[in-house]
Amino acid sequence: QVQLVESGGGLVQAGNSLTLSCAASGGTVSTYTVAWFRQAPGKEREFVAASRHTGGSPYHADSVKGRFTIVRNNAKNTVLLEMNNLKPDDTGMYYCATGRPIRSALRSQTMYYYWGQGTQVTVSS
């Protein structure tokens with residue numbers, strides 16, 4: 001049983017940066033694919049970024065590519081989401097998750113079985 005706790009959310013002005021952290025316990029994060037999802041009010045939860053447990057380059061949604069970066073810190077058993085040039089459309093509840101999806105399914109939330117409680121990110125215009 002893996003426990004995940006997100007932190008680092010808050011209120012930020014558009015154009016600024018914010019880094020989210022997801023701390024894991026009860027499991028070794030390096031053995032899981034780790035991912036970030038977000039959900040804006042009234043909208044479906046959407047994929048943001050993922051790093052496969054098998055290694056290789058990380059994946060980022062087109063909407064955040066070039067602005068967000070998912071980073072592993074295996075020594076601290078954490079995963080970060082570095083967010084730059086934030087936009088109002090980035091507002092939402094951000095969740096980290098772990099699982100072992102195949103490559104073709106890593107963007108699907110149904111493939112992740114451990115989830116954090118979420119941390120709110122609000123970007124003002």
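Here the structure is a predicted model, which means the values were calculated and not measured. Numbers for residues simply follow the sequence, beginning at 1. Hydrogens, waters and symmetry mates play no part in the numbers below; they use all other heavy atoms, side chains included.
Using a 4.5 Å heavy-atom threshold, the side chains of K76 and S21 count as separate. Using a 4.5 Å cut-off on side-chain heavy atoms (C-beta onward), T98 and V34 make contact. For the pair I70/V79, a side-chain contact is recorded, criterion being any heavy-atom separation below 4.5 Å from C-beta on. Q3 has its side chain out of reach of Y114: every pair of non-hydrogen atoms, C-beta onward, lies at least 4.5 Å apart. Side-chain atoms of T33 and Y112, non-hydrogen and from C-beta on, do get closer than 4.5 Å to each other.
Distance check: C22 SG to N73 CG gives 12.0 Å after rounding to the nearest 0.5 Å. Within the model, atoms OG1 of T91 and NZ of K43 stand 9.5 Å from one another, a figure rounded to the nearest 0.5 Å. To the nearest 0.5 Å, the span separating NE2 on H53 from CG on L106 amounts to 10.5 Å. Of the inter-residue distances, the one linking E46 atom CD with R107 atom CZ reads 12.5 Å to the nearest 0.5 angstrom. Expressed to the nearest 0.5 Å, how far CG of L11 lies from OG1 of T122 amounts to 6.0 Å.
Counting only distance, with no hydrogens or angles, the side chain of E6 and the backbone of Q117 share a donor-acceptor pair below 3.5 Å. In terms of modelled atom types and a separation under 3.5 Å, the side chain of N77 and the main chain of V29 share a donor-acceptor contact. Here the side chain of R67 pairs a donor or acceptor atom with the backbone of N85 at under 3.5 angstrom. H60 places no side-chain N or O within donor-acceptor distance of the main-chain N or O of G66, the cut-off being under 3.5 Å.
Of all the heavy atoms in A14 and S125, the pair that sits closest is CB-CA, 4.5 Å. Of all the heavy atoms in V64 and R38, the pair that sits closest is CG1-NH1, 3.8 Å. A pairwise comparison of heavy atoms in P101 and M111 identifies CB-CB, 3.6 Å as the closest pair. Nearest approach of G26 to V2, heavy atoms of both residues: O-CG2, 4.2 Å.
Under 3.5 Å, the side chains of T28 and S30 contain no donor-acceptor pair of N or O atoms.
In terms of hydrophobic clustering, with Ile, Leu, Val, Met, Phe, Trp and Tyr side chains grouped at heavy-atom distances under 4.5 Å, L80 and W36 are assigned to different clusters. Cluster annotation: F47 and W115 are assigned to the same hydrophobic cluster (Ile/Leu/Val/Met/Phe/Trp/Tyr, side-chain heavy-atom contacts under 4.5 Å, transitive). M93 and L81 fall into different hydrophobic clusters, defined by Ile, Leu, Val, Met, Phe, Trp and Tyr side-chain heavy atoms under 4.5 Å apart, directly or through other members. Both Y113 and L4 are assigned to one and the same hydrophobic cluster, defined by single-linkage of ILVMFWY side chains at heavy-atom distances under 4.5 Å.
Shown are V12, V48, V121, V123; of these, the side-chain contact (heavy atoms from CB on, under 4.5 Å) with M83 is made only by V121.
In this structure, R100 satisfies the cation-pi test against Y32, with its NZ or CZ atom closer than 6.0 Å to the six-membered ring centre and inside 45 degrees of the ring normal. For the pair R45 and F37, the cation-pi test (distance below 6.0 Å, angle within 45°) is failed.
Between K65 and D62, at least one side-chain nitrogen of the basic residue sits less than 4.0 Å from a carboxylate oxygen of the acidic one, meeting the salt-bridge criterion.
The aromatic rings of F68 and Y94 lie tilted to each other, with the angle between the two planes from 30° to 60°.
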